[in-house]
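A short worksheet on the structure shown next.
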Amino acid sequence: MTNDAKLIRITYFVLFALALVAPVIGLYPVFVMKLLCFALFACAFNLLLGFTGLLSFGHAAFFGFAAYITGYCIKSQGLPPEVAILAGTLVAAFIGLVFGLVAIRRQGIYFAMITLALAQMVYFICLQASFTGGEDGLQGVPRGKLLGVLDLSSDTTMYYVVLAVFVVCFLAITRIVTSPYGQVLKMIRENEPRAVSLGYEVDKYKLLAFVLSASLAGLAGSLKTLVMGFATLSDVHWSMSGEVILMSLLGGVGTFFGPVFGAGVVIALQDLLADKVGAWVTVIIGVIFVVCVLAFRKGVVGEVRAYLDRRRARA
(Lines give C-alpha, C1' and ligand atoms only; values in the text may rest on other atoms or scores of the structure.)
Protein backbone atom coordinates (compact mmCIF):
# COMPACT_ATOMS: atom_id res chain seq x y z
CA MET A 1 0.00 0.00 0.00
CA THR A 2 1.39 3.39 -1.02
CA ASN A 3 1.71 6.33 1.33
CA ASP A 4 -1.07 8.17 -0.54
CA ALA A 5 -3.42 5.21 -0.15
CA LYS A 6 -2.61 5.08 3.56
CA LEU A 7 -3.31 8.80 3.85
CA ILE A 8 -6.68 8.39 2.14
CA ARG A 9 -7.64 5.52 4.44
CA ILE A 10 -6.60 7.47 7.52
CA THR A 11 -8.66 10.45 6.30
CA TYR A 12 -11.72 8.26 5.83
CA PHE A 13 -11.23 6.73 9.27
CA VAL A 14 -10.93 10.15 10.92
CA LEU A 15 -14.06 11.42 9.15
CA PHE A 16 -16.00 8.31 10.16
CA ALA A 17 -14.87 8.67 13.77
CA LEU A 18 -15.91 12.33 13.68
CA ALA A 19 -19.32 11.33 12.31
CA LEU A 20 -19.76 8.79 15.11
CA VAL A 21 -19.20 11.38 17.82
CA ALA A 22 -20.92 14.30 16.05
CA PRO A 23 -23.97 14.38 18.37
CA VAL A 24 -21.69 14.18 21.41
CA ILE A 25 -19.43 17.09 20.45
CA GLY A 26 -22.33 19.46 19.88
CA LEU A 27 -23.07 19.23 16.16
CA TYR A 28 -26.79 19.59 15.48
CA PRO A 29 -27.97 16.07 14.48
CA VAL A 30 -30.72 17.26 12.11
CA PHE A 31 -28.24 19.41 10.17
CA VAL A 32 -25.75 16.54 9.83
CA MET A 33 -28.55 14.14 8.81
CA LYS A 34 -29.68 16.56 6.12
CA LEU A 35 -26.08 16.84 4.94
CA LEU A 36 -25.75 13.03 4.78
CA CYS A 37 -28.99 12.72 2.79
CA PHE A 38 -27.81 15.21 0.19
CA ALA A 39 -24.34 13.69 0.20
CA LEU A 40 -25.92 10.34 -0.69
CA PHE A 41 -27.95 12.09 -3.40
CA ALA A 42 -24.76 13.62 -4.82
CA CYS A 43 -22.93 10.28 -4.70
CA ALA A 44 -25.82 8.67 -6.59
CA PHE A 45 -25.64 11.37 -9.25
CA ASN A 46 -21.85 11.05 -9.44
CA LEU A 47 -22.20 7.33 -10.16
CA LEU A 48 -23.95 8.33 -13.38
CA LEU A 49 -21.99 11.44 -14.37
CA GLY A 50 -18.56 10.82 -12.88
CA PHE A 51 -18.16 7.13 -13.65
CA THR A 52 -20.48 6.59 -16.64
CA GLY A 53 -20.29 9.97 -18.34
CA LEU A 54 -24.06 10.60 -18.52
CA LEU A 55 -25.29 14.06 -17.53
CA SER A 56 -28.85 13.92 -16.20
CA PHE A 57 -30.89 17.06 -15.59
CA GLY A 58 -33.74 15.04 -14.09
CA HIS A 59 -32.42 13.46 -10.92
CA ALA A 60 -34.76 15.56 -8.78
CA ALA A 61 -37.58 13.35 -10.08
CA PHE A 62 -36.16 10.30 -8.31
CA PHE A 63 -35.21 12.18 -5.16
CA GLY A 64 -38.47 14.10 -4.85
CA PHE A 65 -40.97 11.46 -5.91
CA ALA A 66 -39.44 8.91 -3.55
CA ALA A 67 -39.74 11.53 -0.80
CA TYR A 68 -43.46 11.87 -1.56
CA ILE A 69 -44.03 8.11 -1.70
CA THR A 70 -42.30 7.57 1.64
CA GLY A 71 -44.23 10.42 3.28
CA TYR A 72 -47.55 9.16 1.89
CA CYS A 73 -46.91 5.57 3.00
CA ILE A 74 -46.14 6.65 6.56
CA LYS A 75 -48.64 9.47 7.05
CA SER A 76 -51.66 8.22 5.09
CA GLN A 77 -51.19 4.45 5.06
CA GLY A 78 -49.59 4.00 8.49
CA LEU A 79 -46.79 1.80 7.17
CA PRO A 80 -43.59 1.34 9.21
CA PRO A 81 -40.62 3.50 8.14
CA GLU A 82 -38.56 0.62 6.74
CA VAL A 83 -41.42 -0.40 4.39
CA ALA A 84 -42.02 3.23 3.38
CA ILE A 85 -38.33 3.76 2.60
CA LEU A 86 -38.26 0.55 0.56
CA ALA A 87 -41.39 1.65 -1.32
CA GLY A 88 -39.85 5.03 -2.14
CA THR A 89 -36.61 3.44 -3.32
CA LEU A 90 -38.40 0.86 -5.51
CA VAL A 91 -40.62 3.52 -7.08
CA ALA A 92 -37.53 5.62 -7.83
CA ALA A 93 -35.88 2.56 -9.41
CA PHE A 94 -38.96 1.97 -11.57
CA ILE A 95 -39.06 5.60 -12.71
CA GLY A 96 -35.34 5.37 -13.41
CA LEU A 97 -35.96 2.29 -15.57
CA VAL A 98 -38.66 4.11 -17.54
CA PHE A 99 -36.50 7.23 -17.94
CA GLY A 100 -33.53 5.11 -18.94
CA LEU A 101 -35.40 3.14 -21.59
CA VAL A 102 -36.50 6.40 -23.17
CA ALA A 103 -33.27 8.41 -22.87
CA ILE A 104 -30.38 5.96 -22.86
CA ARG A 105 -30.04 5.73 -26.64
CA ARG A 106 -29.29 9.44 -26.85
CA GLN A 107 -26.04 11.12 -25.91
CA GLY A 108 -24.78 14.48 -24.72
CA ILE A 109 -27.19 17.37 -24.57
CA TYR A 110 -30.00 15.29 -26.08
CA PHE A 111 -29.81 12.82 -23.20
CA ALA A 112 -29.75 15.67 -20.68
CA MET A 113 -32.75 17.43 -22.23
CA ILE A 114 -34.82 14.24 -22.36
CA THR A 115 -34.21 13.58 -18.67
CA LEU A 116 -35.15 17.19 -17.89
CA ALA A 117 -38.39 16.93 -19.87
CA LEU A 118 -39.35 13.65 -18.19
CA ALA A 119 -38.54 15.10 -14.76
CA GLN A 120 -40.81 18.06 -15.46
CA MET A 121 -43.63 15.61 -16.16
CA VAL A 122 -43.04 14.09 -12.72
CA TYR A 123 -43.06 17.59 -11.22
CA PHE A 124 -46.48 18.37 -12.67
CA ILE A 125 -47.80 15.00 -11.48
CA CYS A 126 -46.69 15.92 -7.96
CA LEU A 127 -48.29 19.34 -8.35
CA GLN A 128 -51.68 17.94 -9.41
CA ALA A 129 -51.94 14.56 -7.64
CA SER A 130 -54.13 14.42 -4.54
CA PHE A 131 -51.79 12.28 -2.44
CA THR A 132 -48.95 14.81 -2.66
CA GLY A 133 -50.82 17.71 -1.08
CA GLY A 134 -50.27 19.91 -4.14
CA GLU A 135 -48.53 23.20 -3.41
CA ASP A 136 -48.66 22.53 0.34
CA GLY A 137 -46.78 19.24 0.07
CA LEU A 138 -46.81 16.58 2.76
CA GLN A 139 -46.30 18.10 6.20
CA GLY A 140 -45.89 16.51 9.62
CA VAL A 141 -44.66 13.10 8.46
CA PRO A 142 -43.97 11.01 11.62
CA ARG A 143 -40.78 9.00 11.88
CA GLY A 144 -42.30 6.00 13.62
CA LYS A 145 -40.32 3.03 14.90
CA LEU A 146 -37.76 1.20 12.79
CA LEU A 147 -38.50 -2.56 12.77
CA GLY A 148 -40.93 -1.82 15.59
CA VAL A 149 -38.02 -1.38 18.01
CA LEU A 150 -35.96 1.77 17.36
CA ASP A 151 -37.88 4.95 18.12
CA LEU A 152 -36.84 7.33 15.34
CA SER A 153 -38.47 10.32 17.03
CA SER A 154 -35.16 10.64 18.89
CA ASP A 155 -32.79 12.73 16.77
CA THR A 156 -29.81 10.75 18.04
CA THR A 157 -31.31 7.40 17.09
CA MET A 158 -32.38 8.72 13.71
CA TYR A 159 -28.90 10.14 13.17
CA TYR A 160 -27.14 6.82 13.60
CA VAL A 161 -29.64 5.09 11.31
CA VAL A 162 -29.00 7.68 8.57
CA LEU A 163 -25.24 7.44 9.14
CA ALA A 164 -25.35 3.63 8.85
CA VAL A 165 -27.36 3.80 5.61
CA PHE A 166 -24.99 6.39 4.16
CA VAL A 167 -21.85 4.39 5.02
CA VAL A 168 -23.30 1.19 3.54
CA CYS A 169 -24.33 3.01 0.34
CA PHE A 170 -20.97 4.78 0.06
CA LEU A 171 -19.13 1.46 0.37
CA ALA A 172 -21.53 -0.12 -2.13
CA ILE A 173 -20.81 2.63 -4.68
CA THR A 174 -17.09 2.15 -4.11
CA ARG A 175 -17.45 -1.58 -4.69
CA ILE A 176 -19.54 -1.07 -7.83
CA VAL A 177 -17.04 1.33 -9.36
CA THR A 178 -14.00 -0.85 -8.57
CA SER A 179 -15.70 -4.05 -9.82
CA PRO A 180 -15.32 -5.36 -13.41
CA TYR A 181 -18.72 -3.80 -14.15
CA GLY A 182 -17.43 -0.44 -12.93
CA GLN A 183 -14.37 -0.74 -15.15
CA VAL A 184 -16.65 -1.21 -18.15
CA LEU A 185 -18.57 1.91 -17.13
CA LYS A 186 -15.32 3.88 -17.05
CA MET A 187 -14.41 2.53 -20.49
CA ILE A 188 -17.81 3.66 -21.80
CA ARG A 189 -17.19 7.09 -20.31
CA GLU A 190 -13.76 7.41 -21.91
CA ASN A 191 -14.43 5.83 -25.30
CA GLU A 192 -17.89 4.41 -25.99
CA PRO A 193 -17.20 3.38 -29.64
CA ARG A 194 -14.26 1.29 -28.47
CA ALA A 195 -16.43 -0.43 -25.86
CA VAL A 196 -18.94 -1.25 -28.60
CA SER A 197 -16.18 -2.59 -30.83
CA LEU A 198 -15.03 -4.89 -28.02
CA GLY A 199 -18.47 -6.49 -27.95
CA TYR A 200 -20.00 -4.87 -24.86
CA GLU A 201 -23.72 -4.15 -24.94
CA VAL A 202 -23.22 -0.54 -23.97
CA ASP A 203 -26.91 0.38 -23.64
CA LYS A 204 -27.50 -2.35 -21.06
CA TYR A 205 -24.54 -1.22 -18.96
CA LYS A 206 -25.68 2.41 -19.08
CA LEU A 207 -29.29 1.47 -18.29
CA LEU A 208 -28.23 -0.50 -15.21
CA ALA A 209 -26.06 2.41 -14.05
CA PHE A 210 -29.01 4.77 -14.55
CA VAL A 211 -31.34 2.55 -12.50
CA LEU A 212 -28.76 2.14 -9.72
CA SER A 213 -28.23 5.89 -9.59
CA ALA A 214 -32.00 6.53 -9.53
CA SER A 215 -32.47 3.98 -6.72
CA LEU A 216 -29.82 5.57 -4.52
CA ALA A 217 -31.23 9.03 -5.24
CA GLY A 218 -34.67 7.73 -4.22
CA LEU A 219 -33.23 6.29 -1.03
CA ALA A 220 -31.72 9.70 -0.22
CA GLY A 221 -35.08 11.38 -0.80
CA SER A 222 -36.88 8.85 1.39
CA LEU A 223 -34.44 9.39 4.24
CA LYS A 224 -34.75 13.15 3.84
CA THR A 225 -38.53 12.93 4.35
CA LEU A 226 -38.05 10.98 7.58
CA VAL A 227 -35.40 13.38 8.83
CA MET A 228 -37.18 16.64 8.01
CA GLY A 229 -40.77 15.41 8.40
CA PHE A 230 -42.01 16.81 5.09
CA ALA A 231 -41.86 16.49 1.31
CA THR A 232 -42.48 19.54 -0.88
CA LEU A 233 -42.45 20.54 -4.54
CA SER A 234 -38.93 21.94 -4.12
CA ASP A 235 -37.71 18.34 -3.74
CA VAL A 236 -38.88 17.47 -7.25
CA HIS A 237 -38.26 20.85 -8.92
CA TRP A 238 -35.64 21.17 -11.66
CA SER A 239 -33.58 23.45 -9.39
CA MET A 240 -32.92 20.43 -7.15
CA SER A 241 -31.30 18.71 -10.13
CA GLY A 242 -29.17 21.82 -10.55
CA GLU A 243 -28.13 21.69 -6.91
CA VAL A 244 -26.92 18.11 -7.10
CA ILE A 245 -24.93 18.93 -10.26
CA LEU A 246 -23.37 21.85 -8.38
CA MET A 247 -22.47 19.61 -5.42
CA SER A 248 -20.77 17.07 -7.67
CA LEU A 249 -18.82 19.60 -9.72
CA LEU A 250 -17.77 21.57 -6.64
CA GLY A 251 -16.29 18.51 -4.94
CA GLY A 252 -15.07 16.77 -8.07
CA VAL A 253 -16.87 14.39 -10.41
CA GLY A 254 -15.32 10.98 -10.82
CA THR A 255 -14.06 10.95 -7.23
CA PHE A 256 -15.58 9.06 -4.32
CA PHE A 257 -15.43 11.76 -1.68
CA GLY A 258 -15.90 14.77 -3.97
CA PRO A 259 -19.73 14.74 -3.97
CA VAL A 260 -19.76 14.40 -0.17
CA PHE A 261 -17.50 17.42 0.17
CA GLY A 262 -19.56 19.41 -2.34
CA ALA A 263 -22.80 18.55 -0.56
CA GLY A 264 -21.28 19.60 2.74
CA VAL A 265 -20.23 22.99 1.37
CA VAL A 266 -23.59 23.73 -0.28
CA ILE A 267 -25.77 22.59 2.64
CA ALA A 268 -23.57 24.38 5.18
CA LEU A 269 -23.73 27.64 3.23
CA GLN A 270 -27.49 27.37 2.79
CA ASP A 271 -28.04 26.80 6.51
CA LEU A 272 -25.55 29.41 7.70
CA LEU A 273 -26.46 32.19 5.29
CA ALA A 274 -30.19 31.71 4.70
CA ASP A 275 -31.20 33.76 7.75
CA LYS A 276 -28.58 36.42 7.12
CA VAL A 277 -28.80 37.15 3.40
CA GLY A 278 -32.05 35.46 2.35
CA ALA A 279 -32.31 34.68 -1.36
CA TRP A 280 -28.80 36.08 -1.92
CA VAL A 281 -27.41 32.79 -0.66
CA THR A 282 -27.99 31.42 -4.18
CA VAL A 283 -25.87 34.22 -5.64
CA ILE A 284 -23.09 33.58 -3.10
CA ILE A 285 -23.05 29.85 -3.85
CA GLY A 286 -22.99 30.66 -7.56
CA VAL A 287 -19.97 32.94 -7.15
CA ILE A 288 -18.16 30.27 -5.13
CA PHE A 289 -18.97 27.74 -7.84
CA VAL A 290 -17.59 30.01 -10.59
CA VAL A 291 -14.40 30.64 -8.62
CA CYS A 292 -14.03 26.91 -7.96
CA VAL A 293 -14.51 26.04 -11.63
CA LEU A 294 -11.92 28.63 -12.68
CA ALA A 295 -9.36 27.74 -9.98
CA PHE A 296 -10.12 24.03 -9.47
CA ARG A 297 -11.37 22.67 -12.78
CA LYS A 298 -11.48 19.12 -11.43
CA GLY A 299 -13.23 20.16 -8.23
CA VAL A 300 -11.59 20.51 -4.84
CA VAL A 301 -11.15 16.80 -4.17
CA GLY A 302 -10.31 16.16 -7.82
CA GLU A 303 -7.47 18.67 -7.70
CA VAL A 304 -6.13 17.14 -4.49
CA ARG A 305 -6.18 13.71 -6.12
CA ALA A 306 -4.44 15.08 -9.23
CA TYR A 307 -1.74 16.61 -7.03
CA LEU A 308 -1.16 13.29 -5.25
CA ASP A 309 -0.97 11.51 -8.64
CA ARG A 310 1.63 13.99 -9.90
CA ARG A 311 3.68 13.59 -6.74
CA ARG A 312 3.53 9.82 -7.05
CA ALA A 313 4.64 10.04 -10.68
CA ARG A 314 7.64 12.18 -9.76
CA ALA A 315 8.58 9.77 -6.98
Strictly distance-based, threshold 3.5 Å: is any side-chain N or O of [X] a donor or acceptor partner for the main-chain N or O of [Y]?
X      : Y      : result
Thr115 : Ala112 : yes
Thr178 : Arg175 : yes
Glu82  : Leu146 : no

How long is the gap from [atom1] on [X] to [atom2] on [Y], to the nearest 0.5 Å?
X      : Y      : atom1 : atom2 : answer
Met158 : Leu152 : CE    : CG    : 5.5 Å
Ile245 : Leu250 : CD1   : CG    : 13.5 Å
Gln107 : Leu54  : CD    : CG    : 8.5 Å
Ile267 : Cys37  : CD1   : SG    : 9.5 Å
Leu35  : Gln270 : CG    : CD    : 10.5 Å

- [ ] Start with the C-alpha distance between Phe166 and Leu223, add both sets of side-chain angles, then the distance that settles side chain to side chain contact (heavy atoms under 4.5 Å, CB included), and finish with yes or no.
- [x] CA-CA 10 Å; Phe166 172 79; Leu223 288 174; over 6 Å; no

Common cluster, [X]/[Y], ILVMFWY with side-chain heavy-atom separation under 4.5 Å:
X      : Y      : result
Val83  : Val161 : no
Leu90  : Leu219 : no
Val301 : Val253 : yes
Leu269 : Val283 : yes
Leu207 : Tyr110 : no

Open item on the list: Run the side chain to side chain contact (heavy atoms under 4.5 Å, CB included) test on Phe261 and Val266 for me, step by step, so that the C-alpha distance in whole Å, both residues' side-chain angles and the decisive distance to 0.1 Å come before the verdict.
Closed with: CA-CA 9 Å; Phe261 177 85; Val266 172; over 6 Å; no

TODO: Output every pair passing ring-ring contact (aromatic ring centres under 6.0 Å, His included) with a member in residues 7-29, not counting sequence neighbours, ordered by first then second residue.
DONE: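 Output for this query lists Tyr12-Phe170.
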
Task: Pairs touching residues 74-97 that satisfy ring-ring contact (aromatic ring centres under 6.0 Å, His included), sequence neighbours left out - done: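 ring-ring contact (aromatic ring centres under 6.0 Å, His included) check on residues 74-97 returns no pairs.
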
- [ ] Please indicate whether Tyr181 has more than 12 foreign heavy atoms, meaning atoms of other residues, nucleotides or ligands, lying under 6.0 Å from its OH.
- [x]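 Yes, because the 6.0 Å sphere around OH of Tyr181 holds more than 12 heavy atoms from other groups.
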
What residues, two or more places apart in sequence or in another chain, satisfy side chain to side chain contact (heavy atoms under 4.5 Å, CB included) together with [X]?
X      : result
Val177 : Leu47, Phe51, Ile173, Lys186, Phe256
Leu15  : Thr11, Phe257
Met113 : Phe57, Ile109, Leu116
Ser76  : Tyr72

Qualifying side-chain hydrogen bond (donor to acceptor under 3.5 Å, both in side chains) pairs with a residue from [range], counting only residues at least two apart or across chains:
range            : value
residues 158-169 : none
residues 199-213 : His59-Ser213, Glu192-Lys206, Glu201-Lys204
residues 122-147 : Arg143-Asp155
residues 217-230 : Thr70-Ser222, Lys224-Asp235

How far apart are the closest heavy atoms of [X] and [Y], and which atoms are they?
X      : Y      : value
Cys43  : Pro259 : N-CB, 3.8 Å
Ser248 : Phe45  : OG-CD2, 3.3 Å
Ser241 : Val244 : O-CG1, 3.1 Å
Thr255 : Gly302 : CG2-CA, 4.0 Å
Phe65  : Ile95  : CD2-CD1, 3.4 Å
Thr89  : Gly218 : OG1-C, 4.4 Å

Open item on the list: Pair Leu55, Phe111 - check side chain to side chain contact (heavy atoms under 4.5 Å, CB included), show working.
Closed with: CA-CA 7 Å; Leu55 174 60; Phe111 175 86; 5.5 Å; no

Open item on the list: Apply side chain to side chain contact (heavy atoms under 4.5 Å, CB included) to residues Val227 and Val162 and explain how you reach the verdict.
Closed with: CA-CA 9 Å; Val227 170; Val162 172; 3.8 Å; yes

Open item on the list: If the condition is ring-ring contact (aromatic ring centres under 6.0 Å, His included), which residues does Phe99 pass it with, not counting sequence neighbours?
Closed with: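 Phe62.
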
Task: Non-hydrogen side-chain atoms of Val30 and Met228 separated by less than 4.5 Å - done: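 Val30 reaches Met228 side chain to side chain.
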
Open item on the list: Contact between Ile74 and Leu79 at the side-chain level, heavy atoms closer than 4.5 Å - yes or no?
Closed with: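 Result no, sub-4.5 Å side-chain heavy-atom pair not found.
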
Task: Under the salt bridge (charged side-chain N to carboxylate O under 4.0 Å, His left out) test, residues paired with Lys34 that sit two or more places apart - done: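 Applying salt bridge (charged side-chain N to carboxylate O under 4.0 Å, His left out) to Lys34 gives Asp271.
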
